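Here is the structure we will look at.
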Amino acid sequence: MKVIVVGSSHGGFETVRGILAEKPDTEIQWYEKGDFISFLSCGMQLYLEGVVKDVNSVRYATAKGMRAKGVNVFVHQEVTSIDPDAHTVTVHNLDDDTTRKEPYDKLVLSAGAVPASIPVPGGDLANVYAMRGRDWAIKLKEKTVDPDVQNVTVIGAGYIGIEAAEVFSKAGKHVTLIDLLPRPLALYLDQEFTDILSDTLKDHNIYLATGQSVKEFIGQDGKVSAVKTDQAEYPSDLVIETAGIKANTGWLKDTLELNNKGLVKVNDHLETSQPDIYAVGDSTKVPYAPTGKELQIALATNARRQGRIAAKNVLGHDMKMPAVSGSSALSVFDYHFASTGIKEGTSDANGVKSQSVFVTDTTQPPFVPDEAGNQTVFFKLTFDPDSHLILGAQIMSKRDVTANINAISLAIQGKMTLDDLAYADFFFQPGFDRPWNIMNVAAQQALQDLD
Ligand code: FAD
């Protein structure tokens, strides 16, 4: 059997890895249109802050290493079209500008996404950057030490925008963070958390221009010099656009069923609308555990799970993509937070009735001094007030307690209720936590509120 895999990031890598793990003698052709395979944007902040020194190490696989495992790796070669009836793809070799057709038995697409550009005048000015992939990582790194760059404007205060703002704040720049929504990280955290984080961002020389809409990038001598919003104008030597992504699927529109955002429609086995063609990663939706509906959640974790499941199905297994909850975590200066599932702020958009309980505690018993790591922890649990089903949670502390959110993710997936969580068995040791884990405390409080 010959399998062609398109795209070398999380989804593509995991597909190839999954096939190799089970049937290493499968003929695999793996295509990447860039000149580097398996760069992990997730590691970009660590590289930009100098924690990881070599940009080329921010990856899981090398072409050489994968070729040694028998994979036919094609770098700088773009798959430009598919003929599903003939079971062939057209490949454009970007080095010598030739094209050829390649037959496949099974085809897995992990074409991913590219950063969305804000449709306003001035987007083509120099120093308007994005933050995704190795090329942008290298360009951004140069700007962290460029003395001509003093004012950095980041557009989009989601995860990636927060990472960019933190990088440039730590590099000593004055950062403006613009977002259309009234709070940073508004889709990930409710206000109890973002109020604290907003203060932290301000303390680190990051100006929050939230609730503002970008109207224009103003230029001088071909370079960006300011960003104009509906409310103000911000001097800008560098602009980083992190306001969403666009599926990399324009080339598929005449071949596969796509939705109105260009996402490839897949069934629960990750099969597309054409036989023997699978799609995974950021250019697809995933089943969302809290609602049972499909949702676009662009995370490496999802791409990895889908890649592994696509590999299983390609090899003849019968495996469904499990529902996920969009669990994610991030550090913002001294704080570490994580969230999963529904928040108060995303409840309406997801069409669910929800109620939440917010609790504050210390990570350890009161007799443990702060110097021993005892920190305040904030936790919010969201649930269905009628069925008591757990729908989501958020946690934040200066101590890293983010792993609790993985337990909530499992509770959502397992359709657990407040009643299950209130007395669930979690360990206690004063060096780590309290006799009642904060998840128990919140669920008990929620049951009392409902009484
Ligand atoms: P992509 O990563 O978009 O890769 C697609 C690849 O396919 C690209 O290399 C592209 O060049 C190639 N390609 C596309 N079309 C073709 C074609 N026709 N022919 C050949 N090659 C093609 N997620 C997390 O879970 N945790 C994190 O901490 C995290 N941090 C992130 C930080 C940043 C700065 C960014 C930008 C993203 C982060 N993500 C994180 C999200 C994660 O990176 C994405 O969800 C993941 O990369 C999606 O993988 P993918 O395989 O769908 O596609």
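Values reported hereafter were calculated over all heavy atoms of this structure, with side chains retained and with hydrogens, waters and symmetry mates removed. Order of listing sets the numbers, starting from 1, for every ligand and every atom in it. Computed from a predicted model, the values in this text were never measured in an experiment.
Classification of the Phe193-Phe378 ring pair by plane angle, with boundaries at 30° and 60°, yields perpendicular.
With respect to the salt-bridge test (charged N to carboxylate O, under 4.0 angstrom), the residues Glu14 and Arg305 do not qualify. Between Asp54 and Arg59 there is no salt bridge, since none of the side-chain N atoms of the basic residue sits less than 4.0 Å from a carboxylate O of the acidic one. Looking at Glu257 and Lys265, a side-chain N of the basic residue comes within less than 4.0 Å of a carboxylate O on the acidic one, giving a salt bridge.
Of the options Lys380, Arg183, Lys343, a side chain to side chain donor-acceptor pair (under 3.5 Å) to Asp190 is made by Lys380 and by none of the others.
Residue, atom and distance of the protein heavy atom nearest to atom 25 (O) of ligand 1 are Ala300 N, 2.9 Å. For atom 17 (C) of ligand 1, the nearest protein heavy atom (residue, atom name, distance) is Val6 CG1, 3.5 Å. For atom 19 (N) of ligand 1, the nearest non-hydrogen atom of the protein is Val79 N, 3.1 Å. For atom 10 (C) of ligand 1, the nearest non-hydrogen atom of the protein is Glu32 OE2, 3.5 Å. The protein non-hydrogen atom at the shortest distance from atom 4 (O) of ligand 1 is Ser9 CB, 3.1 Å. Counting only heavy atoms of the protein, atom 31 (C) of ligand 1 lies nearest to Cys42 CA, 3.6 Å. Ranking the protein heavy atoms by distance from atom 50 (P) of ligand 1 puts Ser110 OG, 3.7 Å first. The nearest protein atom to atom 20 (C) of ligand 1, hydrogens excluded, is given as Lys33 N, 3.3 Å; this is a heavy-atom distance.
Near Gly11, meaning under 4.0 Å from one of its heavy atoms, ligand 1 places the atoms 51 (O). Taking every heavy atom of Gly112 and a limit of under 4.0 angstrom, the matching atoms of ligand 1 come to 1 (P), 3 (O), 5 (C), 52 (O), 53 (O). Annotation for ligand 1: atoms under 4.0 Å from non-hydrogen atoms of Gly281 are 52 (O). Distances below 4.0 Å separate heavy atoms of Met131 from the following atoms of ligand 1: 34 (C), 36 (C).
The shortest N or O to N or O distance between Ala113 and ligand 1 is below 3.5 Å. Residue contacts with ligand 1: Ser41 is placed with no nitrogen or oxygen under 3.5 Å of a nitrogen or oxygen of the ligand (distance criterion only). The N/O atoms of Ser283, backbone and side chain alike, include none that comes under 3.5 Å of an N/O atom in ligand 1.
Distance CG/Asp35 to CG/Asp135: 6.0 Å, rounded to 0.5 Å.
Only the backbone of Ala298 comes within 4.0 Å of ligand 1, judged by heavy-atom distances. For Leu299, heavy-atom contacts with ligand 1 shorter than 4.0 Å involve the backbone as well as the side chain. Of all the heavy atoms of Tyr159, none lies under 4.0 Å from any atom of ligand 1, so neither backbone nor side chain is involved. The proximity of Gln77 to ligand 1, defined as any non-hydrogen pair under 4.0 Å, is limited to the backbone.
The backbone N or O of Tyr60 sits less than 3.5 Å from a side-chain atom of Ser38, completing a donor-acceptor pair. Remark: the backbone N or O of Ala232 is paired with a side-chain donor or acceptor of Thr229 at under 3.5 angstrom. Under the 3.5 Å distance criterion, the side-chain polar atoms of Asp83 are left unmatched by any main-chain donor or acceptor of Thr88.
Counting only non-hydrogen atoms, the option in Gly34, Ala111, Ser8 that gets closest to atom 14 (C) of ligand 1 is Ala111. Between atom 45 (O) of ligand 1 and the options Thr242, Leu48, Asp282, Thr15, the minimum heavy-atom separation is to Asp282.
Aromatic rings from Phe358 and Phe379 are positioned such that their centres are separated by 6.0 Å or more. Here the two rings, on Tyr159 and Phe337, have centers that are under 6.0 Å apart. Residues Tyr129 and Trp136 place their aromatic rings such that the two centres sit under 6.0 Å apart.
Because its NZ or CZ atom is both nearer than 6.0 Å to the ring centre of Tyr47 and within 45° of the ring axis, Lys141 counts as a cation-pi partner of that residue.
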